[in-house]
Amino acid sequence: MPAPKKSFHALFRPLSAEARRKKDSLEIEDDPSLQAIWEVIARVPRGKVSTYGDVARAAGLPGRARQAGYALRHMPEGLNLPWYRILGSGGKIVFPPRSKHHREQARLLRSEGVEVTKGRVPKSAIATLDEI
DNA sequence: GTTGTGACATTAT
DNA sequence: CATAATGCCACAA
């Protein structure tokens, strides 16, 4: 079994001791709400994007955009989810403009044809709720 | 039980 | 357009 290509997950801030404990005990991966969110993210079409709020709604968790963020931070590596297709409201990258994450997200989006100017994508690139 | 934090969103200034 | 104030809610300390 070849080692999977280093995922961006590895670039993220290290999990706290408590979060790591949970992760190791698989409590997070088994959480139904988080799984629902991950499934929605996996359905966002290539070349399009969605937002934290919409992802949460599509997962049956209206008003819980922050939970979508939590789910992304705790993405299981094996799923290879298109994390970079998830933006803040209005289609803005949520990471600080010059941060590594911001640049990487913009790069990946452009790599699939999504225009990114000043950390923002065209409204036309945002998938509608029924698309996800 | 209480307090602080956060890959958010919306509204007001 | 930028920043601040609120609202929000799960999680961690």
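Just so it is clear: chains get the letters A, B, ... in the order the sequence lines come, proteins before strands, and each one is counted from 1. Note that these values count all heavy atoms, side chains included, but never hydrogens, waters or copies made by symmetry.
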Atom NE2 of A:His102 and atom P of B:dA7: how far apart are they, to the nearest Å? 16 Å
Under 3.5 Å donor-acceptor pair, A:Tyr70 side-chain atoms to C:dA10 base atoms: no
Give a yes or no on whether the backbone of A:Lys118 and the side-chain of A:Lys92 come within a donor-acceptor separation of less than 3.5 Å. no
Is a side-chain N or O of A:Gln105 found less than 3.5 angstrom from the main chain of A:Ile86, in a donor-acceptor match? yes
For A:Arg46, give me all partners under side chain to side chain contact (heavy atoms under 4.5 Å, CB included), at least two apart in sequence or on another chain. A:Arg85, A:Glu112
Euclidean distance, atom CZ of residue A:Phe95 to atom C1' of B:dG6 [Å, nearest integer]: 12 Å
With side-chain contact (heavy atoms from CB on, under 4.5 Å) as the test, would you mind laying out the steps for A:Leu34 and A:Tyr70 before giving the verdict? CA-CA 8 Å; A:Leu34 299 189; A:Tyr70 180 88; 3.8 Å; yes
Close N/O contacts between protein and nucleotides 2-7 of chain C (under 3.5 Å):
none

Considering residues at least two apart in sequence or located in another chain, which fulfil the side chain to side chain contact (heavy atoms under 4.5 Å, CB included) criterion with A:Arg110? A:Ala106, A:Val116
When every non-hydrogen atom of A:Val40 is compared with those of A:Ile132, the smallest separation belongs to CG1-CD1, 4.1 Å
Hey, does the side chain of A:Arg43 reach the backbone of A:Glu131 with a donor-acceptor pair shorter than 3.5 angstrom? no
Options B:dA7, C:dC11, B:dC8, nucleotide nearest the side-chain atoms of A:Asp31: C:dC11
For A:His74 and C:dA12, what is the distance between atoms NE2 and P respectively, to the nearest whole Å? 6 Å
What is the distance, rounded to the nearest whole Å, between atom CG of A:Leu61 and atom P of B:dC8? 16 Å
Take the protein atom NE2 of A:His101 and the nucleotide atom P of B:dG6, then report the distance between them rounded to whole Å. 14 Å
Protein-nucleotide distance (A:Ile37, atom CD1; B:dG6, atom C1'), rounded to Å: 14 Å
Looking only at atom P, what distance separates C:dT6 and B:dA7, rounded to whole Å? 23 Å
Round to a whole Å and report the spacing from CZ of A:Arg64 to P of B:dC8. 17 Å
A:Leu72 side chain: which of C:dC9, B:dC8, B:dA7 is closest? B:dA7
Which is more 5' along DNA chain B, the nucleotide nearest A:Gly90 or the one nearest A:Ile86? Just name the residue. A:Ile86
A:Leu34 CG - C:dC11 P separation (whole Å): 7 Å
